[in-house]
Amino acid sequence: MDRDVVVDFDQLGIRIDSEVYGKQAQGKPRLRKRAPNDRSKLHLPQLVMAVAGLHEPARSDKLGHVSFPLENKKFLVQQMDFDVLEDDGMTIVLAPLRASILHSKAQFQLDDSLAALAGDIANVAEIAARDPDLAAAITAHADAISTGVNTGELRRTADALIALKVKRFGPTNAGAVRVLLAAEDGPEVEAEQIAGKEGRILTRLHTYKERDRKFAKQVRDHYRHVHGGKLRCEACGTVPVEVYGNAGERAMEAHHTVPIEELQPDSVTLVEDMAMVCAGCHRVIHSQKPCLTIQEVRDLIAAHAP
């Protein structure tokens with residue numbers, strides 16, 4: 001309240017005056033632009049998403065739902081979280097952390113997205129060797145950011161970068177260009193046959209994360225502890241070791257509960273983001289795109305129970 005808001009993009013080494021301040025309006029705290037009629041100035045959520053190279057959120061919920069991959073002005077940021085770095089009573093300096101998307105459990109880890117962009121900027125020569133147009137778009141966006149000014153050029157350069165990523169990789173909402181280029185070269189995996197271009201790239205990254213031996217062991221150990229020492233399918237309830245003995249362990253697979261369309265290549269996967277399911281249920285989960293949720297598989301099982 002009663003403070004001007006400056007946003008600290010530490011990963012990019014820049015602070016930008018958002019030209020937004022807090023005030024009491026209609027009995028609630030609100031953010032207001034200092035120049036409300038200047039359309040070249042972005043509002044706070046739009047500014048952060050533009051700098052991070054992400055799609056532009058709408059100002060109101062016009063559709064009542066959301067679909068992925070996101071498109072400009074077809075989703076709403078329900079909440080944006082920040083760290084407070086400085087507050088002298090007149091100006092507050094905020095560092096963006098995450099943005100939650102309305103009508104979805106999806107969150108953009110903004111610090112990850114900003115770090116991914118910083119990595120692309122630092123390695124733009126490497127990217128230029130493979131795709132000069134993408135490298136030029138990254139440089140143009142970096143130049144707009146480096147001015148330290150809230151301007152529509154941030155949105156224009158972000159949109160140009162997004163458009164080239166769509167052309168090269170398919171519709172995408174996040175991910176370092178370097179990571180997406182590396183994934184483009186990776187071998188196919190089974191689930192790719194039901195995924196679009198972005199889905200294929202994200203499926204590869206998703207599969208590599210699950211196949212990390214240390215992480216896979218952590219997931220299995222976690223769910224053994226949850227279920228009293230045995231792995232149980234989160235969808236159908238089967239405990240394979242009770243059916244097949246120790247060989248039943250091989251029937252259990254780790255499933256990423258975040259749909260491929262919402263997966264951010266640069267984000268960290270937590271144990272809590274995974275579920276253990278039997279091979280049969282895992283096949284059913286991935287039998288369509290977007291994949292079924294575990295609850296939807298449970299509902300199918302219940303509907304067809306004798």
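Note that this is a predicted model, so its numbers are computed, not measured.
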Side-chain contact test, heavy atoms from C-beta onward, threshold under 4.5 Å: evaluate it for [X] versus [Y] and give yes or no.
{"X": "M49", "Y": "M80", "value": "yes"}
{"X": "E234", "Y": "R298", "value": "yes"}
{"X": "E19", "Y": "L47", "value": "no"}
{"X": "L44", "Y": "F82", "value": "yes"}
{"X": "E296", "Y": "Q288", "value": "no"}
{"X": "Q46", "Y": "P57", "value": "yes"}
{"X": "E249", "Y": "V241", "value": "yes"}
{"X": "L70", "Y": "F108", "value": "yes"}

Do the side chains of [X] and [Y] join up, straight or via other hydrophobic residues, at under 4.5 Å, putting them in one cluster?
{"X": "V124", "Y": "I145", "result": "yes"}
{"X": "V239", "Y": "V277", "result": "no"}
{"X": "M252", "Y": "V271", "result": "yes"}
{"X": "L114", "Y": "V93", "result": "no"}
{"X": "V66", "Y": "V77", "result": "yes"}

### Message
Under the criterion side chain to side chain contact (heavy atoms under 4.5 Å, CB included), I'd like the reasoning laid out for V177 against L181: C-alpha separation, chi angles, the key distance, then a yes or no.
### Response
CA-CA 6 Å; V177 169; L181 285 170; 3.8 Å; yes
Measure the [atom1]-[atom2] distance between [X] and [Y] for me, rounded to the nearest 0.5 Å.
{"X": "Q107", "Y": "L97", "atom1": "CD", "atom2": "CG", "result": "10.5 Å"}
{"X": "L154", "Y": "E56", "atom1": "CG", "atom2": "CD", "result": "11.5 Å"}
{"X": "M276", "Y": "E253", "atom1": "CE", "atom2": "CD", "result": "8.0 Å"}
{"X": "E184", "Y": "F169", "atom1": "CD", "atom2": "CZ", "result": "5.5 Å"}
{"X": "L54", "Y": "L110", "atom1": "CG", "atom2": "CG", "result": "7.0 Å"}
{"X": "K23", "Y": "K28", "atom1": "NZ", "atom2": "NZ", "result": "15.5 Å"}

### Query
Would you say K33 has more than 12 foreign heavy atoms packed within less than 6.0 Å of its NZ?
yes
### Query
Counting heavy atoms not belonging to N246, are there more than 12 under 6.0 Å from its CG?
no
Short N-O contact, [X] and [Y], less than 4.0 angstrom:
{"X": "D221", "Y": "R224", "value": "yes"}
{"X": "K167", "Y": "D131", "value": "no"}
{"X": "D133", "Y": "R168", "value": "no"}
{"X": "R178", "Y": "E126", "value": "no"}

Which atom of [X] lies closest to which atom of [Y], heavy atoms considered:
{"X": "C281", "Y": "V297", "answer": "SG-CG1, 4.3 Å"}
{"X": "D38", "Y": "S40", "answer": "OD1-OG, 2.6 Å"}
{"X": "D61", "Y": "H65", "answer": "OD1-N, 4.3 Å"}
{"X": "C291", "Y": "H286", "answer": "CB-ND1, 4.1 Å"}
{"X": "G175", "Y": "L180", "answer": "O-CD1, 3.9 Å"}
{"X": "T157", "Y": "A140", "answer": "CG2-O, 3.8 Å"}

#### Entry: Partner of I16 under side-chain contact (heavy atoms from CB on, under 4.5 Å), chosen from V51, V149, T151
V51
### Task
Show the numbers, then the answer: is there a side chain to side chain contact (heavy atoms under 4.5 Å, CB included) between Q109 and D111?
CA-CA 6 Å; Q109 300 300 324; D111 43 358; 3.9 Å; yes
Test item: [X] side-chain N/O and [Y] main-chain N/O as donor-acceptor pair under 3.5 Å:
{"X": "N150", "Y": "S18", "result": "yes"}
{"X": "Y244", "Y": "R250", "result": "no"}
{"X": "H141", "Y": "I121", "result": "no"}

### Task
Assess whether side chain to side chain contact (heavy atoms under 4.5 Å, CB included) is satisfied between D4 and M90, documenting all intermediate values.
CA-CA 6 Å; D4 291 324; M90 298 179 63; over 6 Å; no
### E86 vs D8, side chain to side chain contact (heavy atoms under 4.5 Å, CB included): CA-CA, chis, key distance, verdict
CA-CA 10 Å; E86 300 172 16; D8 183 281; over 6 Å; no
